[in-house]
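Report on the structure given below.
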Amino acid sequence: MEWKCVCPYNPKLKLKDIYIYDTTLRDGEQTPGVCFTKEQKLEIARKLDELGIKQIEAGFPIVSDREAEIVKTIANEGLNAEILGLCRALKKDIDKAIECDVDGIITFIATSPLHLKYKFNNKSLDEILEMGVRAVEYAKEHGLFVAFSAEDATRTPIEDLIKVHKAAEEAGADRVHIADTTGCATPQSMEFICSELSKNLKKAHIGVHCHNDFGFAVINSIYGLIGGAKAVSTTVNGIGERAGNASLEELIMALTVLYDVKLNLNIEVLTELSKMIEEYSGIKLPKNKPIVGEMVFYHESGIHVDAVIDNPLTYEPFLPEVIGQKRNIVLGKHSGCRAIAYKLKEMGIKVNKEELCEIVKRVKETREKGIFIDDEVFKKIVEEVVRR
Ligand code: KIV
Ligand code: ZN
């Protein structure tokens with residue numbers, strides 16, 4: 001049976017060999033107030049690995065001894081995913097990451113005029129470039145995979161960005177990152193930046209790291225890929241600094257369902273992973289959060305329920321079970337006979353036609369009195385009608 005049905009005018013993106021590097025354990029943990037335990041980080045890493053994520057940014061080793069110990073434990077867990085650690089463009093950060101046995105690092109330095117002036121006390125772009133190059137060379141000498149990230153890249157003049165990234169590539173960087181640090185890019189500007197960069201690089205992949213300050217993180221990531229990026233950064237549930245990062249589950253399902261991109265991931269674990277992050281981060285998901293929200297496959301309206309019973313794709317873009325989500329028929333003032341009959345069948349209760357009509361009437365009345373019709377309330381209504 002077909003499991004998805006989308007707008008026929010969506011372009012099928014011919015994106016090959018694109019991959020996700022997930023930063024739930026690093027940028028996700030930078031969500032104010034979030035601090036995962038070692039066991040939680042390990043469990044999250046294992047679940048990301050089960051999903052099939054190619055690279056996991058496990059943490060920022062220089063932050064603390066505890067952080068370094070956790071990154072080291074994850075790196076030695078024998079996962080299929082490569083384990084990366086975040087480092088500033090400083091030797092001491094890279095040494096700490098090396099002590100943690102990581103497969104690679106993401107080394108970052110800010111490049112925008114605003115950051116050069118205020119963070120680096122008027123350092124010049126050339127000085128920054130020099131620091132970046134030294135960091136990349138040093139990490140490469142130690143045999144690491146190296147991604148070089150230009151922090152605040154999207155507020156950096158394009159010629160500066162190209163200059164810095166070309167220098168990083170020449171120094172041996174395997175990948176260069178466009179960090180949309182304050183989420184201020186648009187899909188068009190991300191596509192522009194990535195395609196300009198593609199024209200100027202010889203072999204380094206481009207990665208995009210998008211923040212969600214305007215709710216654009218997922219679509220900006222997709223347009224980065226359209227512009228020529230190969231790698232994309234995510235966090236589960238989109239947790240992260242301020243409004244967070246590109247949400248892993250939204251990005252995966254948008255690429256897979258809407259744009260027909262093959263990612264070769266075990267998407268059936270997505271809901272479980274999302275629930276794990278909700279619990280461990282303490283960041284509650286809105287019930288209508290796209291893809292993983294508790295209620296995004298709930299149906300109440302009689303018209304919808306009627307059609308969904310015959311074919312769920314009438315009112316669902318894809319079947320919830322493919323990501324471990326659940327459909328639910330909610331009873332309320334919009335419910336019709338079919339929804340009630342469906343619920344009764346689900347509960348193994350048989351009634352005659354007259355009883356069914358009475359139950360429908362009482363369900364509507366009860367809901368309109370402000371009472372939510374959960375299974376208990378529904379059973380009570382049914383018992384009252386059948387006992388009459
Ligand atoms: O958003 C950002 O700029 C980052 C850097 C550490 C790369 O997360
Ligand atoms: Zn970030």
Side-chain angles (χ1 to χ4, degrees), residues 20-34 55-64 67 71 84-90 92-94 96-97 102 104-116 118-120 128-129 131-132 135-136 139 145-156 160-161 164-165 168 173-185 189-190 193-194 197 204-218 220-221 224 229 231-248 250-251 277 281 283:
I20 291 170
Y21 65 98
D22 186 84
T23 182
T24 307
L25 298 177
R26 199 279 297 170
D27 223 352
E29 205 188 18
Q30 283 179 215
T31 310
V34 173
Q55 289 182 329
I56 296 171
E57 192 180 341
F60 197 168
I62 200 76
V63 158
S64 70
E67 175 79 342
V71 172
L84 308 182
L86 184 73
C87 303
R88 289 166 299 180
L90 297 176
K92 64 174 178 184
D93 284 31
I94 300 170
K96 197 68 178 174
V102 293
I105 61 159
I106 298 174
T107 180
F108 72 100
I109 193 157
T111 52
S112 69
L114 199 62
H115 280 228
L116 294 191
Y118 292 101
K119 260 175 72 177
F120 291 116
I128 292 298
L129 181 148
M131 285 173 74
V136 172
F145 166 90
V146 178
F148 170 80
S149 185
E151 193 188 14
D152 208 20
T154 51
R155 294 190 296 187
T156 302
D160 292 355
L161 212 48
V164 171
H165 279 150
D174 301 285
R175 194 167 72 212
V176 296
H177 288 177
I178 306 294
D180 186 22
T181 305
T182 58
C184 60
S189 56
M190 278 311 279
I193 294 170
C194 290
L197 209 50
H205 284 179
I206 298 172
V208 287
H209 173 87
C210 297
H211 278 270
N212 203 32
D213 299 68
F214 288 85
F216 278 15
V218 169
N220 283 348
S221 303
V232 57
S233 159
T234 58
T235 62
V236 181
N237 297 345
I239 62 170
E241 299 270 7
R242 305 180 312 280
N245 292 54
S247 132
L248 173 78
E250 289 177 31
L251 182 90
I277 298 301
S281 68
I283 309 286

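In listed order, ligands and their atoms are each counted from 1. As a basis for the values below, the full set of heavy atoms in this structure was taken, side chains included, without hydrogen atoms, waters or symmetry mates.
- If you take NE2 on His211 and OG1 on Thr235, they are separated by 8.5 Å, rounding to the nearest 0.5 Å.
- In terms of heavy-atom proximity, Ser281 sits nearest to Val34 at O-CG2, 3.6 Å.
- Looking at His211, its N, O or S atom nearest to the Zn ion (ligand 2) turns out to be NE2.
- Residue Ile109 is tested with Glu151, Met131, His115 for a side chain to side chain contact (heavy atoms under 4.5 Å, CB included); the sole match is Met131.
- Side-chain contact annotation: Asp152 with Ser112, donor-acceptor N/O pair under 3.5 Å present.
- Screening Arg26, His209, Glu57, His177 against Ser233 for a side-chain hydrogen bond (donor to acceptor under 3.5 Å, both in side chains) leaves a single residue, His209.
- The nearest N, O or S atom of Asp27 is closer to the Zn ion (ligand 2) than 2.8 Å.
- Remark: Arg242 CZ to Thr181 OG1 distance equals 8.0 Å, nearest 0.5 Å.
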Pairwise, report which nitrogen or oxygen atoms of ligand 1 are under 3.5 angstrom from protein nitrogen or oxygen atoms, and how far apart they are.
| unit_1 | atom_1 | unit_2 | atom_2 | d |
| --- | --- | --- | --- | --- |
| ligand 1 | 1 (O) | His209 | NE2 | 3.1 |
| ligand 1 | 1 (O) | His211 | NE2 | 3.0 |
| ligand 1 | 3 (O) | Thr181 | OG1 | 2.7 |
| ligand 1 | 8 (O) | Arg26 | NH1 | 3.4 |
| ligand 1 | 8 (O) | Arg26 | NH2 | 3.0 |
| ligand 1 | 8 (O) | Asp27 | OD2 | 3.2 |
| ligand 1 | 8 (O) | His209 | NE2 | 3.1 |

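- Side-chain N or O atoms of Asn245 include none that pairs as donor or acceptor with a backbone N or O of Asp27 at under 3.5 Å.
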